[in-house]
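For reference, the structure is listed below as structure tokens.
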Amino acid sequence: MSTEAAILERPNSDRQSSLGLDRFSYDNEIVKMFAVATMVWGVVGMLVGLLAALQLVFPTMNFNTEFTTFGRIRPLHTNAVIFAFVGNGIFTGVYYSLQRLCKARMYNDMLSRINFWGWQLIILSAVITLPLGFTTSKEYAELEWPIDIAITLIWVVFGWNMFATIIKRRTRHLYVAIWFYIGTFVTVAVLHVVNSFELPISFMKSYSFYAGVQDALVQWWYGHNAVAFFLTTPYLGLMYYFVPKAANRPVYSYKLSIIHFWALIFLYIWAGPHHLLYNALPDWAQSLGVVFSIMLLAPSWGGMLNGLLTLRGAWDRVREDAVLKFMVVAITAYGMATFEGPMLSLKNVNAISHFTDWTVAHVHIGGLGWNGMLTFGMLYWLFPKLYRTEIYSKKLANTHFWLATLGILFYALPLYWAGFTQSLMWKEFTQEGLLAYPNFLETVTQLKPMYALRAGGGAIYIIGALIMGYNLYKTAKKGSFLKNEEAEAAPLSDTYVKHKGEHWHRWIERRPVQLLVGSLIVIMIGGAVEMVPTFLIDSNIPTIESVKPYTSLELHGRDIYIKEGCNNCHSQMVRPFRSETERYGEYAKAGEFVYDHPFLWGSKRTGPDLLRLGGKYPDSWHYHHMLDPESMSPGSIMPSYPWLFEKDIEVETTEAKINVMRRLGVPYPEGYENQAVSDMYIQADEITANLAKSGIEVKNDREIIALIAYMQRLGTDINPEGKEAKPYHIQPDKK
């Protein structure tokens, strides 16, 4: 083999041509790996979501096992769709576009593979741990602390590989897509690290560093911005690359893209509190969330218009080209979702929508429409490029488009109807001033047909995704994969001469480090302004003297409540509305939650609120309700929990739980951990004695006993009609 031929065989090497151009190759293998993972995990995540949707119509589809109940698979669905489907979609698009925008191969092939396999192992760990009940309960951040560490490490690997590639680029200026990639990397890193502060109790159990109101604020600062900076900004970067490529048109407006980027990342970070309106959050924080949510409409629609107007002169092709069809619907769904989001943040609208299925419909317009459709369009565009052939079947691609579009409509419209139905029934009073529907179950019964239609829409959407998988598989079989795509470009000169009339923003476009630092500063401002006062000014979280820490048995019961995912269906937040105080009791106070690590306010009411549940029913009612929900509530769609009557309480973790809670500021007396177990059995014996009076014989070390203890404690600290709280049955050992 000649020397020149030997050099050509080395895909990573930079070679100098006779014309002074560098010859190199793009790594298409990593793009293919992520693309295949996107398709596989997408179908898996959607199927899990379909199962969860069907469980709300047919409760028997919980299968009476602890690993497949709605409370456990619902977070599995959200994690699979967000981090597996969309996450792999992000990596697919970034690894393809970044190399071409920088005119350079990825910095290191090994880092690319570590990124891929590390991410798949993280997803696999979620698939294993969430059905097993290992969860922090914090929405979109349910994975426990060892997996959080793994996510951090793999995200650093991705950022290192991305940024090193940008540094060695052969183009001076950074295209707008790269701005969004950099903003995504730095913001997701900050969000994940700050929200994941927790103290471990055991290998797969931890308590959040924050409590109550503080925890809620940090979580929804993370939760809202996980949507913003994982589901939105990276996909906007992909939009700015793939839409012009597919349409063969330049981006409509360079200046609009500048405004879009900086305004979006600055404003988005403030909007998290709009998830907590009328909750126990300080009013000033709620107001900030509302104001900045409304302001978000401008940059969001600026980005949407920039995307749609990029298609000027190419609209005739939209009729025939499935790729453009998917992208048009994706951008339109982005515009709809980003109009609806600010609207839902208005307090008068939020009073109607919050805790209802309206929010679920809104989220899925973004997920199915924006993320799903743009991903499908990107994959249909990529595979013919990677395999150097035409798409196997344009007819199947168009069929997929119409199935996906109809699936979104059949999914979302019934849920909008369900949301209005729920809210109106919850709030309706009779002429006598009484609740028209005092039994919460009446609303659930009315929603079953809408839940069935939603499941049908999801099934249609999944059928379309399966058709895509088949079409792309046949495309790959038909073509020939180009693993290393040869390219050449002029090397980047060491000096830069500013052009006359150059736009001021060009300064930062050629300085990736400054762009990263600038993005970090911009996103830190809003988070600091909202969170620092909540942590430093006591008046934001006034204490209530009667609120005491949980007993050791109640603490175990609370952890069982978290393990079973009960907060996926039940809230613990009574808002200051007459309809809620009449139905549930006294509205929630910030001081009630000071010992809650983590908070459990919930974001959806498939079942009634539980904040004032303590003392409302006898112990025997809870026992039968968990064993057979319909025996206590005919028509209930809640699954049964027979394993709680067989499993022992994890007594061996009691001391560690008390110690960690004390380190977090919960005022357990010194030495209490030494007799917390005996305290636990004293309270457990009281419950078993109560059950025995109703003819129920059960051992005092069963999980159901701990769960009943927790249920009976809820709301009793400030509810004089509830059972008296007994934080300590005996004094701590003085020896």
Side-chain angles (χ1 to χ4, degrees), residues 75 135-145 148 190-201 205-226 269 271-286 288-289 354 526-544 547-550 554-555 558-559 561-563 565-568 570-575 588-604 609-611 657 660-667 710 714-715 717:
T135 175
T136 66
S137 84
K138 299 174 76 169
E139 206 156 351
Y140 314 139
E142 292 92 348
L143 302 179
E144 270 290 0
W145 67 272
D148 283 339
V190 171
L191 293 170
H192 176 69
V193 170
V194 172
N195 191 50
S196 297
F197 280 143
E198 51 213 6
L199 290 186
I201 294 163
K205 177 63 181 176
S206 63
Y207 286 144
S208 173
F209 179 80
Y210 317 102
V213 171
Q214 295 169 342
D215 195 39
L217 180 60
V218 173
Q219 160 57 25
W220 282 112
W221 170 78
Y222 163 89
H224 178 78
N225 291 302
I269 211 77
H274 76 215
H275 290 264
L276 302 169
L277 301 184
Y278 294 110
N279 289 2
L281 198 69
D283 284 340
W284 64 264
Q286 296 184 38
L288 276 178
H354 195 49
V529 170
E530 287 181 343
M531 287 191 288
V532 170
T534 311
F535 285 89
L536 299 183
I537 302 174
D538 291 339
S539 61
N540 282 300
I541 310 174
T543 57
I544 301 174
V547 175
K548 306 296 182 185
Y550 296 104
E554 292 159 358
L555 193 58
R558 191 173 195 270
D559 289 338
Y561 182 95
I562 290 171
K563 180 179 71 173
C566 300
N567 56 306
N568 285 294
H570 297 280
S571 59
Q572 291 186 18
M573 176 55 58
V574 180
R575 296 175 293 177
K589 315 294 194 300
E592 292 185 67
F593 308 101
V594 292
Y595 304 132
D596 285 8
H597 297 267
F599 82 110
L600 293 174
W601 295 359
S603 59
K604 171 73 168 65
D609 188 272
L610 303 181
L611 182 63
K657 289 180 178 182
V660 167
M661 280 292 190
R662 186 187 293 112
R663 289 177 62 190
L664 291 170
V666 179
Y710 174 64
L714 287 172
D717 283 345

Looking at every heavy atom in both G289 and E530, which two are closest together, and how far apart are they? N-OE2, 4.4 Å

Looking at CD of Q219 and NE2 of H275, how far apart are the two atoms once the value is rounded to the nearest 0.5 Å? 9.5 Å

So, do Y140 and W220 sit near enough that their side-chain heavy atoms are less than 4.5 Å apart? yes

pair V194-Y222: side-chain heavy atoms closer than 4.5 Å: no

Are the side chain of Q214 and the backbone of T534 linked by a donor-acceptor contact shorter than 3.5 Å? yes

Would a 4.5 Å heavy-atom cut-off, applied to side chains only, mark P549 and M661 as touching? no

Side chain to side chain contact (heavy atoms under 4.5 Å, CB included) for L199 and L664? Distances and angles first, verdict last. CA-CA 8 Å; L199 290 186; L664 291 170; 3.6 Å; yes

So which atom in S206 and which in E144 form the shortest heavy-atom distance, rounded to 0.1 Å? OG-OE1, 2.7 Å

For P533 and V529 the tightest heavy-atom approach is CD-O, 3.1 Å

Closest approach of Q286 to L277 (non-hydrogen atoms, all atoms of both residues): OE1-CA, 3.4 Å

Taking all non-hydrogen atoms of both residues, which atom of G272 and which atom of H224 are closest, and how far apart? CA-CB, 3.7 Å

Rounded to the nearest 0.5 Å, the OH atom of Y710 sits from the CD1 atom of I562 at a distance of 7.0 Å

Crowding at OH, Y278 (>12 non-hydrogen neighbours, <6.0 Å): yes

Going from CD on E554 to CG on L714, what distance comes out if it is rounded to the nearest 0.5 angstrom? 9.0 Å

Worked verdict on Q572 versus Y561 for side chain to side chain contact (heavy atoms under 4.5 Å, CB included): CA-CA 12 Å; Q572 291 186 18; Y561 182 95; 3.2 Å; yes

Under the criterion side chain to side chain contact (heavy atoms under 4.5 Å, CB included), I'd like the reasoning laid out for K205 against D559: C-alpha separation, chi angles, the key distance, then a yes or no. CA-CA 9 Å; K205 177 63 181 176; D559 289 338; 3.4 Å; yes

For the atom pair NZ (K138) and CG (L600), what is the distance rounded to the nearest 0.5 Å? 11.0 Å

Side chain of D609, backbone of L611: donor and acceptor closer than 3.5 Å? yes

So, E139 and S603: side-chain donor and acceptor under 3.5 Å apart, yes or no? yes

Are H192 and D148 close enough, and set up right, to give a side chain to side chain contact (heavy atoms under 4.5 Å, CB included), and what steps lead you there? CA-CA 8 Å; H192 176 69; D148 283 339; 3.5 Å; yes

Closer than 3.5 angstrom, by distance alone: can the side chain of D215 be matched with the main-chain N or O of F599 as a donor-acceptor pair? yes

Measuring only between side-chain heavy atoms, which start at C-beta, is L281 closer than 4.5 Å to P273? yes

Approximate separation, where rounding is to 0.5 Å, of K604 NZ and S571 OG: 10.0 Å

Do you see a donor-acceptor pair shorter than 3.5 Å between the side chains of D596 and Y550? yes

Can you tell me which residue among T135, N568, T136, L143 is in a side chain to side chain contact (heavy atoms under 4.5 Å, CB included) with P75? N568

Closest contact, heavy atoms only, Y207 versus H597: CD2-O, 3.4 Å

Side chains of N567 and W601: does their closest heavy-atom pair fall under 4.5 Å? no

Check: N225 side chain, L191 main-chain N or O, donor-acceptor pair, under 3.5 Å: no

